[in-house]
Amino acid sequence: MAYERLPCGSSSKDSPCFGTLTAMLTYVETLVMDVIRSAYQTAFGAEPSPSFLVIRPTDRPEFGDYTSNIAMLAASHLKTAPRDIGSKLLQAISEQIESDPSHPVSRAEIAGPGFINLFLEPTAVQGSLRSVFDNDLPFGSSDLGKGKTIQVEFVSSNPTGPLTVGHGRQAVLGDVLARLYERIGYKVVREYYFNDEGQQIDLLAQSLWARYQELYGETHDIPENGYQGDYLILVAKALKDEWNRPYSQFDEDAKSRFRHEAVKRMTSLIKRDLRELDVHFDSWFSEADLHQAGKIEATLQLLRDKQGVYEHEGATWLRAEEHGGAKDSVLIRSDGRPTYLMVDIAYHINKHERGFDYVLNVQGADHHAEQTCVKAALRLLGYPDEWLSYAVHQFVSLKEDGQVQKMSTRAGRFVTLHDLTQDLGKDVVRYFMISRKPEAHLDFDLDLARAESSDNPSTYIQYAYTRIRSIFRKAEFVGFEDVNQTDLSLLTEAEELGLMKMLDQFPQVVVHAAIDFAPHALAEYGLNLSRAFHAYYDKHRVLTDNVSLQSARLTLLNAVVIVLGECLAILGMDAPEEM
RNA sequence: GCGCCCGUAGCUCAGGGGACAGAGCAGCGGCCUUCUAAGCCGCUGGCCGAAGGUUCGAAUCCUUCCGGGCGUACCA
């Protein structure tokens, strides 16, 4: 695998890419790039500017396999018309082809305003298949991260109720991003940050107490801003069975008991919901620890030292706006209690002290203002901007028979993640949650998700995997010790070359999905690869009397199943042997 | 009002400077004595929200406007 480092410049995405966008070239792209580069050198006697070196796969067979717009891009620099540049490049490529019998290009054309269209030799494409098996790392993995650590913090919902489908999107998004960063060479720590004390927990305890008293026939209003959901009734019943005594007063003793039980039981509910989705954390970080360790005061002092705060109307404010924040915000309320923002800043200092090279927070779009203020505070303290990234996602609506449901935890009006997972299964939930780009709203189509057919993209991909495994069982194929013993030149069908070119792209997709926070690209890729496989399967027989051909096709399918398996693994979905 | 995100086929969305705009669902029509039909093939369907600009080239970049979501708390 070859790497090129290009200036980042154009990337507006807020991702850990070291200030540079690292472009990785696949096996085939390396061949094509070399052809273009050396043709340019031959034709113009100079190294082309890296910004001219653009190639991409074509979307139409008549345009060849790869195309480059280098002639248009270099036109003003060379003060020459694109078509003229193209002719010279074409001539240089022709000379290359004549002098090199193993040249990867079979022919080249100039088209349209000056595109260089390259038609590849089948051997060049077949060579890429070998690269699937030849790597030191699993195909699609790379060492871009150089073993640096990145902490991914996500979900981080307070233990005040079950997780909703909205949390589910964040859980899957964070987990898939974590898996992606692992694939590109980072050491990843998944962390869940939760608040187990404070005003919300008090409200929770009081709401639970009210439910508890209801069981003794006493009506107590659930506090305003309290938690109305039915789930607390179940908890109250369990507690009644255990304690078997009323608590008529919400005194300090009761408060402490109900708070403790509420947090304990809500936390274990949350852990169950996440486990059911196959989302696991390495670290559970308690906000209370920050308070107890005196980190709030210490952080405030750091900000003071940098002239980052001021007093106004009895409260202490962060000078966020001066440092890129959305607006100045309160850190310490006039009654002396710290705000959520204050604690959040202290938390990020703690993350930094723990030595993570990069930190990635996955959050909902409703936290945007908060994010800019945290960044402002860290900037003030002299942290490099790229240390902290936010992957922001929009909300989820459930759609059933065209009906869209809006949710609110506090009002007790929601569909729980647990119910959704029980209904659809982990794989379907994960696929649907990740299949849209994070910054777009997600309409979760329950009717489609429930379909147990090819209509359902989740099962469609798994079925492709299953079909290949089934062929392997039939052929008693266990994979090749040495792929070089297989005659890949027999793989000349258009569908076969298409599959190989698609496989070749996989490492690119993984890098893009990770550093651009675009895990949906992987879901899309898996779907397209499955489609290409199903079409191939339908048109060409793999198991035949022709031993060499069968062997070559099994090798191709082995590569497909490896990549499909990796796709499913990164998405956190099962790869079933049979369906 | 201001800030962020989103407007692409009837519906849900890919594509985010390149050559006639893609997929799934829905609709219509085909394909199972052969590796799992949870599959394949074909047809139907679009002034890429609107208008200006930048460019050899704009769905894509910029500006304005329109529509939707979120934020704009001494909530978390």
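Numbered from 1 within each chain, the chains take letters A, B, ... in sequence-line order.
In B:C66 the O4'-C1'-N dihedral to the base is more than 90° from 0, which defines an anti nucleotide. B:C25 takes the anti form, because its glycosidic angle lies more than 90° either side of 0.
Base pairing annotation: B:U44 forms no Watson-Crick or G-U wobble pair, as no partner gives both donor-acceptor distances under 3.5 Å. Searching all strands for a Watson-Crick or G-U wobble partner of B:U36 with both distances below 3.5 Å returns nothing. Within the shown strands, B:C56 is the pairing partner of B:G18 under the Watson-Crick or G-U definition, both distances less than 3.5 Å. Remark: B:C11 base-pairs with B:G24. Criterion, Watson-Crick or G-U wobble with two distances under 3.5 Å. Under the Watson-Crick or G-U wobble criterion, with both distances below 3.5 Å, B:U63 is paired with B:A51.
Residue A:R473 has no polar side-chain atom (N or O) positioned under 4.0 Å from OP1 or OP2 of B:U36. In this structure, A:R60 reaches the B:G22 phosphate: one of its side-chain N or O atoms is under 4.0 Å from OP1 or OP2. Dashed line: the shortest gap from a side-chain N or O of A:R333 to OP1 or OP2 of B:A76 is under 4.0 Å. Using a 4.0 Å cut-off, no side-chain N or O of A:H393 falls inside it from OP1 or OP2 of B:C5.
Under 3.5 Å, the side chain of A:S334 and the base of B:C74 form at least one donor-acceptor pair of N or O atoms. At a cut-off of 3.5 angstrom, counting only N and O atoms as typed in the model, there is a donor on one side and an acceptor on the other between the side-chain of A:N117 and the base of B:A19. Side-chain to base pairing of A:N69 with B:G18: one donor and one acceptor N or O lie within less than 3.5 Å of each other.
Judged purely by distance below 3.5 Å, without hydrogens or angles, the side chains of A:E496 and A:Y536 pair a donor atom with an acceptor atom.
Between A:E495 and the options A:R531, A:K501, A:K539, a salt bridge (Lys or Arg N to Asp or Glu O under 4.0 Å) holds for only A:K539.
Under a 4.0 Å N-O distance rule, the pair A:R319/A:D328 does not qualify as a salt bridge.
A:F517 and A:S389 make their closest contact through CZ-CB, 4.0 Å (heavy atoms, listed as atom of the first residue, atom of the second, distance). In plain terms, the two heavy atoms of A:D196 and A:A288 that are nearest each other are OD1-CB, 3.2 Å.
The aromatic ring of A:Y460 does not sit over the base of B:A38, since the test of centres under 5.5 Å and planes under 30° is not met.
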